Amino acid sequence: MSFIYDFSSATQAIDQWLKANLSPTGAFVAELALVGLTILLAYAVIGLYLVYAERKVCAFMQNRVGPNRVGKWGLLQTMADLIKLLMKELIPIRKSDKLLFNVAPYLVIIASFLGIAAIPFAKGLHAIDFNIGVFYIMAVSSIGVIGILLAGWSSNSKYSLIGAMRSGAQVVSYELSVGLALLSVVIFSGSMQLSTIVESQANGWWILKGHLPAMISFVIFLIASTAEINRGPFDLAEAESELTAGFHTEYSGIRFAFFFLAEYMNMFIVAAMAATVFLGGWMPFHLGNLEAFNRVMDFIPPVVWFFGKTIFIIYLIMWFKWTFPRLRIDQLLTLEWKYLLPLNLLNTVVIAFLVLMGWYFK
Amino acid sequence: MSSESLILFFIVGVILVGGAVLFSTFIAPSSKNPVKFEPYECGIATSGNAWIQFNVGYYLFAIIYLIFDVETVFLFPWGVVMKEVGLQAFVEILIFFSVLGLGLLYAWKKGALKWV
Amino acid sequence: MEKDQLTEFFRNRFPDAVIEQGNQYLTIKTDAAAMHPIAAVLKSDKELQFDYLFNLTGIDWSDRFSVVYHLESTVFGHEVVLKADILNREKPSVATVSDLWRTAEFHEREVYDLLGIEFVDHPDLRRLFLEDGAGFPLRKDFKDEINLIER
Amino acid sequence: MNGIVQYFTDIFKAVRSLWKGMRVTGSYFVRPGEIVTQQYPENRKELQMFDRFKGEVIMIHDEENFHRCNACGICQMNCPNGSIEIISEMVPNEEGKPERTIDKHIYHLSMCTFCGLCVKSCPSNALAFGQGFEHAVFDRHKLTKVLNQPGSRIKKKPKAPKPAAGTEKPNSANS
Amino acid sequence: MKEVELNEIIASKEDGKYIINIGPQHPSTHGVLRFVVSLKGETLEYLIPHCGYIHRGIEKMCENLTYPQIIHLTDRMDYLSAHMNNEAVSLCVENALGIEVPERVKVIRTILSELQRIASHQLWWAAFGMDIGGLTCFFYGLRDREKVLDIFEESFGSRLLHSFICPGGLMQDIHPDFQKRVKEFIAYFRKKLPEYDQLLTGNVIFEQRTKGLGILTKAEAIDYGVTGPSGRASGFSCDIRKKHPYSAYDRVEFREILANEGDTYSRYKVRIEEMWESMNIIEQLIDQIPEGSFTAPMKAIIKVPEGEYTQRVETARGELAVYLVSTGDKNPYRMRFRTPNFSNLFVMNHLSAGAKIADLIAISGSLDLVIPDIDR
């Protein structure tokens with residue numbers, strides 16, 4: 001049944017149609033333009049609506065209504081904000097390092113673009129399917145921190161610099177836990193290719209097939225990735241009650257908007273990764289041999305499955321942020337080095353043992 | 001699409017940011033008030049430079065991180081082949097992890113995992 | 001100690017000071033020069049132990065200044081008011097009590113700021129609220145034509 | 001060994017305490033009925049201030065445009081900030097005697113601290129607190145108001161004994 | 001001293017240090033307070049509190065105002081304890097005049113003070129939660145505070161600065177619905193207060209952030225004159241309500257909340273416990289409001305006989321002492337307010353030395369500073 005929602009034939013058809021009607025170079029350029037536009041559109045829409053979702057979620061948690069004036073239920077609020085930020089003055093800070101100051105937003109945005117390229121939204125809806133997908137995501141996600149460091153350092157503000165320093169220490173540390181948590185699924189599935197990992201979950205998600213160790217991995221991944229994208233309760237780089245706005249204190253107008261947008265896109269990438277690796281990506285929920293149940297599940301399109309899972313994880317991350325107080329920098333590092341990392345190493349050994357003995361649902 | 005198209009994503013990112021910044025410079029107002037260009041320090045004129053030698057607490061963390069990050073790089077290929085190689089890989093990783101774990105324990109006991 | 005006992009005690013201990021049974025608190029009146037030794041006794045004497053300075057006020061009496069210390073003992077619960085009169089109006093000064101009660105450090109800074117009474121040996125006698133050259137607004141002869149409207 | 005057990009119980013306790021907090025926020029998330037926000041400009045019609053709300057000082061005028069202010073100046077004297085100025089004039093009354101009459105009761109809303117001393121001390125209960133709270137204007141001068149309405153006159157009341165100071169007196173704000 | 005000069009002095013004295021101004025325009029200084037902070041990495045070396053940005057000279061203004069007019073100024077010192085401030089001046093004048101206010105007034109004043117204390121602690125909890133990074137706390141705290149403010153607004157017409165207690169009694173009688181509304185609020189808040197605990201008190205992150213941080217010993221608390229919940233968290237038994245009962249505090253049963261640790265966490269706990277205790281006090285009194293006049297007979301112009309008068313009152317943040325010097329005129333000759341926050345502020349340097357920036361915010365939050373109270 002699942003083939004009905006297969007996008008690979010559709011994309012191939014477009015590809016062939018372009019190649020047949022245009023010269024090879026023309027087809028290539030057209031393809032690039034098509035993909036670029038699609039990604040740009042998706043990026044903008046996802047980013048803006050994540051901001052909106054966050055506002056609504058936190059508002060409901062805080063007994064408020066949230067944005068509800070612009071458009072129906074305030075749906076256009078973030079659009080209005082974007083337009084407002086576009087019309088805001090870009091203030092050049094005196095004595096700042098002009099070049100780096102201007103380059104920093106590019107870096108954070110490009111990092112998130114590169115990240116989103118490797119995410120399989122559905123079968124065939126996959127910009128680039130690397131054979132080292134997991135590894136690639138880890139690699140590009142650490143480009144963003146360079147942007148943050150540059151932003152903090154170049155603005156010649158003390159608050160920014162402290163924020164950037166914190167962010168550096170934090171991302172550097174939590175990178176490990178993210179990697180080790182992802183490794184557990186790599187061991188289970190025996191592949192780093194995201195499409196293969198998703199395929200391997202056709203009969204059940206890894207979080208369920210891998211027993212408790214996989215769940216621990218999932219939780220560690222959630223915590224560590226929340227820290228890596230600088231979100232509360234790990235938002236020390238911004239820490240508005242301490243550093244006013246942390247690394248982007250000096251940024252104004254649309255440049256600030258890009259940091260803001262990148263934060264939300266990183267959240268999306270992280271949530272999408274968690275959904276892909278642990279929760280089966282666009283795979284429907286299947287229960288053993290219950291044919292009827294599985295059939296019904298198959299009718300829900302994979303895109304819906306994928307976004308459903310991603311939104312669920314995004315909601316979790318928002319829930320964390322709007323409940324917990326912020327950690328202090330030394331506690332943050334203690335949590336990583338004294339709790340998450342040893343647990344993670346132990347967990348990896350256990351998983352390796354499970355795989356060795358074959359004690360998991362294949 | 002192949003991995004060369006990463007260039008595409010790079011370009012799209014640059015276009016998005018560059019275009020928006022360019023657009024913004026055209027439509028946004030600009031003021032000449034010099035106070036506006038001061039770096040923020042709670043409304044007080046800044047004293048001294050922000051770029052001075054700064055005591056970064058994570059120097060030691062960075063070194064430990066290096067060790068562990070290289071380790072992760074090694075672990076991924078191992079993870080991929082773990083299923084096929086079987087027991088041998090498991091024993092090897094046990095040894096590998098025990099060395100690493102000892103290293104972490106050493107750093108822990110030495111107080112390197114303490115933010116100063 | 002009760003009020004009467006305290007009065008007796010002070011009469012014997014500080015013969016030069018004027019001890020008054022005020023309407024609320026027992027009051028020790030002294031001049032600025034003799035204030036600090038008395039304060040030191042009040043703080044350190046085993047039977048007095050006035051360890052909590054809850055108020056420090058400077059008053060401008062037009063012809064003189066006085067600094068009023070409200071003291072309480074957290075051990076015994078008795079209270080006393082110590083008043084030091086500063087007769088020199090041109091350059092008023094009195095010894096600091098911030099070596100006895102830390103809280104006095106900032107109360108004295110405030111009095112210095114608003115009344116211009118100098119506290120000798122104060123560790124950090126800077127203005128607290130106002131800028132230099134703002135005058136001493138709590139003095140009765142303070143004039144500020146711009147901001148102060150007399151009614 | 002004890003240390004290791006402690007290590008894991010710590011983790012367990014930590015997770016439990018975090019879950020407690022998440023339950024609070026989560027439960028509010030699914031109960032939108034508890035939302036306390038008011039939609040201000042929309043609910044202007046239903047928005048009812050409390051009777052005693054101190055929005056601004058007003059002078060009570062009845063339907064025939066009579067007020068009770070006899071320009072005695074007590075409110076001006078009692079105001080701590082000088083936000084009341086009384087300009088009175090001598091107008092001959094029916095018997096031909098000149099009588100002090102209010103010309104302009106000027107009220108500077110921008111200086112008022114709503115302490116209520118003017119309303120409380122007014123011997124003829126001419127002043128009261130109004131309910132209006134939307135005082136935002138673009139020009140500061142608009143906050144200076146003349147409380148007696150144009151063309152209004154003092155309402156002569158039958159001679160009654162002046163209430164003794166300090167005794168209970170019905171407050172015009174809540175009457 | 002001018003700002004820049006001070007910075008230069010610090011910079012020249014300590015070479016290569018990171019000098020940062022936290023405030024006056026900072027989200028966590030709760031007003032226009034400024035800390036000049038010297039940093040080494042993230043660690044604080046020393047801190048200089050800087051105040052005076054909103055100094056209004058209330059003590060000077062009092063010298064030109066009559067006693068009823070002074071009341072509205074005291075609102076504006078510690079605006080979160082407006083009732084207690086009003087009460088302090090009123091009690092001082094009443095003592096000076098030798099007036100006995102009606103029983104009804106005493107009871108109402110006590111209830112109002114306790115309601116105000118709850119409202120103040122609610123706002124403190126909200127702001128403290130926000131300082132420490134839990135933004136949701138702010139909204140829950142303000143949501144519940146709103147209920148108290150509604151009660152205030154119904155009776156006195158204003159929410160924050162009431163000017164309701166005046167020498168001789170009250171400005172007007174309480175609203176007929178007052179008792180009902182207060183009872184409703186107590187019932188409501190008894191349900192909501194445990195939520196505060198679930199959200200913050202037991203939270204592992206919160207405990208890590210606050211326990212053992214900014215320790216103030218009992219001796220230091222007395223020495224620095226730190227009073228109120230902050231002082232009581234160090235074991236300094238400084239509750240004026242117990243020591244020198246005024247209004248109706250001598251007839252209610254309540255505990256003086258004391259803790260011994262003196263750290264940020266115990267300052268937090270003391271305030272939370274005080275909210276419970278305040279509710280107990282209100283519940284004891286709310287049905288016992290005697291009938292009668294809401295004011296004692298007062299002359300139109302109050303002239304305090306010559307002399308010096310002191311009145312100490314427990315506000316939500318500590319001890320407020322009013323020292324009134326009168327020459328028999330209708331204006332005071334000298335009016336002195338010993339405000340709790342003034343003494344509480346200057347312990348900051350002592351508490352935060354060696355802590356981190358984040359701790360600085362937590363400590364200053366736990367002291368519950370209200371800046372206008374410092375800059376009278």
Side-chain angles (χ1 to χ4, degrees), chain A residues 32 35-36 39-40 86-94 96 105-106 109-110 113-114 117 127-128 130 134-135 155-159 161 165 168-169 172-173 175-176 179-180 183 186-187 190-192 244 249-250 253-255 258 329-330 333-334 337-338 341-342 345 348-349 352-353 355-356, chain B residues 1-3 5-6 8-14 16-18 20-21 23-25 27-31 34 36-42 46 49-51 54 56-58 61-62 64-65 68-69 72 75-76 79-84 86-87 89-90 93-94 97 100-101 104 108 113-115:
Chain A
L32 283 186
V35 174
I39 290 286
L40 199 62
L86 263 175
M87 283 154 58
K88 285 267 176 181
E89 185 180 356
L90 294 170
I91 299 170
I93 296 302
R94 196 170 60 87
S96 64
Y106 287 90
I109 287 292
I110 288 167
F113 258 111
L114 293 181
I128 314 163
F130 292 102
V134 174
F135 210 72
S155 34
N156 192 17
S157 167
K158 293 162 187 172
Y159 287 109
L161 187 68
M165 288 298 166
V172 150
S173 299
E175 184 94 16
L176 292 176
L180 283 172
L183 179 69
V186 173
I187 300 172
S191 169
M192 287 199 274
T244 56
T249 307
E250 303 300 346
I254 196 72
R255 285 208 190 101
F258 282 122
I329 181 74
D330 56 332
L333 295 171
T334 307
W337 292 98
K338 296 191 179 164
L341 189 64
L345 288 175
T348 312
V349 173
F353 187 68
V355 171
L356 183 73
Chain B
M1 286 171 83
S2 56
S3 52
S5 59
L6 278 182
L8 169 74
F9 287 96
F10 191 88
I11 292 167
V12 170
V14 170
L16 175 66
V17 182
V21 169
F23 183 64
S24 180
T25 45
I27 61 167
S30 71
S31 66
K36 214 171 188 175
F37 306 136
E38 290 292 323
Y40 175 80
E41 203 175 312
C42 293
T46 48
N49 203 336
W51 298 329
F54 184 70
V56 281
Y58 72 102
F61 288 98
I64 309 168
Y65 164 74
F68 276 88
D69 206 34
T72 328
L75 277 177
F76 271 98
V80 174
V81 295
M82 168 69 209
K83 255 186 196 167
E84 291 135 48
L87 187 65
F90 181 68
I93 214 64
L94 268 187
F97 270 6
L100 266 178
L104 185 66
W108 190 336
L113 303 184
K114 225 177 180 174
W115 179 271

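Being a predicted model, the structure only gives us computed values, none of them experimental. Reminder, nothing fancy here: chain letters follow the sequence lines and each chain counts from 1.
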key: A:Arg255 CZ to A:Ile109 CD1 distance, which is reported to the nearest 0.5 Å   =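 Rounded to the nearest 0.5 Å, the CZ-CD1 separation comes out at 13.0 Å.
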ask   = Roughly how far apart are B:Ile27 CD1 and A:Lys88 NZ, rounded to 0.5 Å?
value =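 Result: 12.5 Å between the selected atoms.
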Partner chain B: residue of [options] with the largest heavy-atom pair count (under 4.5 Å):
{"options": "A:Ile254, A:Leu345, A:Leu183", "result": "A:Leu183"}
{"options": "A:Leu341, A:Thr334, A:Leu114", "result": "A:Leu341"}
{"options": "A:Val355, A:Leu176, A:Leu40", "result": "A:Leu176"}
{"options": "A:Leu86, A:Ile93, A:Val134", "result": "A:Leu86"}

ask   = Who pairs with B:Phe23 by ring-ring contact (aromatic ring centres under 6.0 Å, His included), at least two apart in sequence or on another chain?
value =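 By the ring-ring contact (aromatic ring centres under 6.0 Å, His included) rule, B:Phe23 matches no residue at all.
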message = Going by ring-ring contact (aromatic ring centres under 6.0 Å, His included), name the residues that satisfy it together with B:Phe90, two or more places apart in sequence or in a different chain.
response =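 Counting only residues at least two positions away or on another chain, B:Phe90 forms a ring-ring contact (aromatic ring centres under 6.0 Å, His included) with A:Phe353.
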Answer yes or no: is there a side-chain heavy-atom contact under 4.5 Å between [X] and [Y]?
{"X": "A:Phe135", "Y": "A:Val186", "result": "no"}
{"X": "B:Leu104", "Y": "A:Pro342", "result": "yes"}
{"X": "B:Ser24", "Y": "A:Leu90", "result": "yes"}

key: Pairs of heavy atoms under 4.5 Å with chain A: top-ranked of B:Gly79, B:Gly13, B:Ala20   =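 Highest number of heavy-atom pairs under 4.5 Å: B:Gly79.
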Toward chain A, the part of [X] with a non-hydrogen atom under 4.5 Å:
{"X": "B:Leu75", "answer": "both"}
{"X": "B:Leu94", "answer": "side chain"}
{"X": "B:Phe10", "answer": "both"}

ask   = Which region of A:Tyr106, side chain (C-beta onward) or backbone (N, CA, C, O), has a non-hydrogen atom less than 4.5 Å from a non-hydrogen atom of chain B, or is it both or neither?
value = both
